[in-house]
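As a basis for the values below, the full set of heavy atoms in this structure was taken, side chains included, without hydrogen atoms, waters or symmetry mates. Remember, it's 1-based here, ligands and their atoms both numbered in the order they're listed.
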Amino acid sequence: MKKGLLVVVSGFAGTGKGTLMKRLLSDYDDYALSVSMTTRAPRPGEENGREYFFVTKEQFEEKIRQNGLIEYACYVDNYYGTPKDYVEQKRAEGKDVLLEIEIQGAMKVREQFEDAILIFVMPPSAKVLRERLIGRGTETPEVVEKRMRRAAEEACGIEDYDYIAVNDDLDVCVKELHETIQAAHHRPISNSEFITQVRNDLKEMAKGE
Ligand code: 5GP
């Protein structure tokens with residue numbers, strides 16, 4: 001079976017990445033979602049093992065020492081990282097594994113996995129982003145401000161991604177994301193074994209002529 005792709009999805013807080021990931025999982029059979037480890041406190045309604053594995057700083061640093069993370073980063077004063085085992089298991093089962101991670105982690109994935117696909121989710125405008133962050137009601141005004149500043153910084157790195165997805169209409173965005181990921185399966189870089197096989201066979205056949 002062909003190994004699944006690593007699909008990195010980044011975007012400013014408040015662009016609806018979480019909802020998009022859930023919809024990809026429920027609408028299609030192709031995906032698995034990586035559950036990250038973090039040292040931040042759970043938000044109301046979040047469950048350990050579902051949104052994140054919530055751990056202490058000591059537990060996180062132990063996982064780093066064991067080389068158990070594909071990547072990790074410090075974001076707004078907390079650690080976030082992607083556990084390796086689950087991702088590899090699901091890719092081996094042929095699932096495209098979605099990593100919803102921030103920009104530093106995305107660049108680390110790109111360094112290690114040249115065929116990973118990197119998608120940046122954008123709001124239709126900066127004004128809409130601010131309204132969505134405030135409307136979420138789970139963050140204090142200081143955290144909203146911190147996240148808006150962080151978004152302004154992150155906006156500088158968008159060109160390092162392969163694709164953007166504009167989340168204006170949720171249904172349209174889910175469909176476009178799915179199509180983008182499916183198209184990525186047809187890149188030469190994601191088919192190198194097949195290409196090498198055909199190339200070698202062609203050489204062999206040419207010799208025989
Ligand atoms: P939040 O605290 O809002 O859940 O997440 C904050 C940021 O951390 C988001 O941009 C999210 O995508 C990112 N993030 C979540 N998990 C990981 C991870 O495993 N690695 C990295 N590098 N970033 C992550």
Practice problem: Measure Glu51 to ligand 1 on non-hydrogen atoms and call it side chain, backbone, both or neither using the 4.0 Å cut-off. | Solution: neither
Quiz item: Can you tell me the protein heavy atom closest to atom 20 (N) of ligand 1 and the distance?
Solution: Glu71 OE2, 2.7 Å
Quiz item: What do we get for Tyr75 next to ligand 1 when only non-hydrogen atoms under 4.0 Å count, side chain, backbone, both or neither?
Solution: side chain
Self-check item: Taking atom 22 (N) of ligand 1 as the reference point, the nearest protein heavy atom with its distance
Solution: Glu102 OE2, 2.6 Å
Quiz item: Can you tell me if Arg43 has a non-hydrogen atom under 4.0 Å from ligand 1?
Solution: yes
Quiz item: Does the side chain of Glu61 come under 3.5 Å of the side chain of Tyr79 through a donor N or O and an acceptor N or O?
Solution: yes
Exercise. For side-chain hydrogen bond (donor to acceptor under 3.5 Å, both in side chains), just list the numbers for Asp96 and His185, CA-CA rounded to whole Å, side-chain angles, deciding distance to a tenth of an Å, and then say yes or no.
Key: CA-CA 10 Å; Asp96 293 336; His185 279 274; 2.7 Å; yes
Exercise. State the atoms of ligand 1, each with its element, that fall below the 4.0 Å cut-off from a heavy-atom position in Ala73.
Key: 22 (N)
Quiz prompt | Electrostatic pair Glu111-Lys108, nearest N-O below 4.0 angstrom | solution = no
Practice problem: Below 4.0 angstrom from a heavy atom of Arg40, which ligand 1 atoms are there? Numbered from 1 as shown, please. | Solution: 1 (P), 2 (O), 4 (O)
Practice problem: Using a strict cut-off of 4.0 Å, indicate which atoms of ligand 1 neighbour a heavy atom of Arg147. | Solution: 2 (O), 3 (O)
Exercise. List the closest protein heavy-atom neighbour of atom 16 (N) of ligand 1: residue, atom name, distance to the nearest 0.1 Å.
Key: Ser36 OG, 3.0 Å
Quiz item: If you draw a 6.0 Å radius around CD in Gln112, do more than 12 non-hydrogen atoms from other residues or ligands fall strictly inside?
Solution: yes
Self-check item: Selection from Phe12, Tyr52, Tyr72 by shortest heavy-atom distance to atom 1 (P) of ligand 1
Solution: Tyr52
Self-check item: Close approach, Gly81 and ligand 1, non-hydrogen under 4.0 angstrom
Solution: yes
Self-check item: Check: Phe120 ring centre within less than 6.0 Å of Phe12 ring centre
Solution: yes
Exercise. List every atom of ligand 1 that sits less than 4.0 Å from any heavy atom of Gly105, numbering the atoms from 1 in the order shown and giving each element.
Key: 22 (N)
Quiz item: Is Glu88 paired with Lys3 through a side-chain N to carboxylate O contact shorter than 4.0 Å?
Solution: yes
Quiz item: When you check the gap from the basic side-chain N to the acidic O, do Arg150 and Glu102 get nearer than 4.0 Å?
Solution: yes
Self-check item: Full working for side-chain hydrogen bond (donor to acceptor under 3.5 Å, both in side chains) between Gln197 and Asp201
Solution: CA-CA 6 Å; Gln197 176 76 51; Asp201 289 350; 3.3 Å; yes
Exercise. Can you sort out which atoms of ligand 1 are near Lys17, meaning under 4.0 Å from one of its heavy atoms?
Key: 9 (C), 10 (O), 12 (O)
Quiz item: Any Lys/Arg nitrogen of Lys175 or Asp169 sitting under 4.0 Å from an Asp/Glu carboxylate oxygen of the other?
Solution: no
Quiz item: For ligand 1, is there an atom lying under 4.0 Å from some heavy atom of Glu100?
Solution: yes
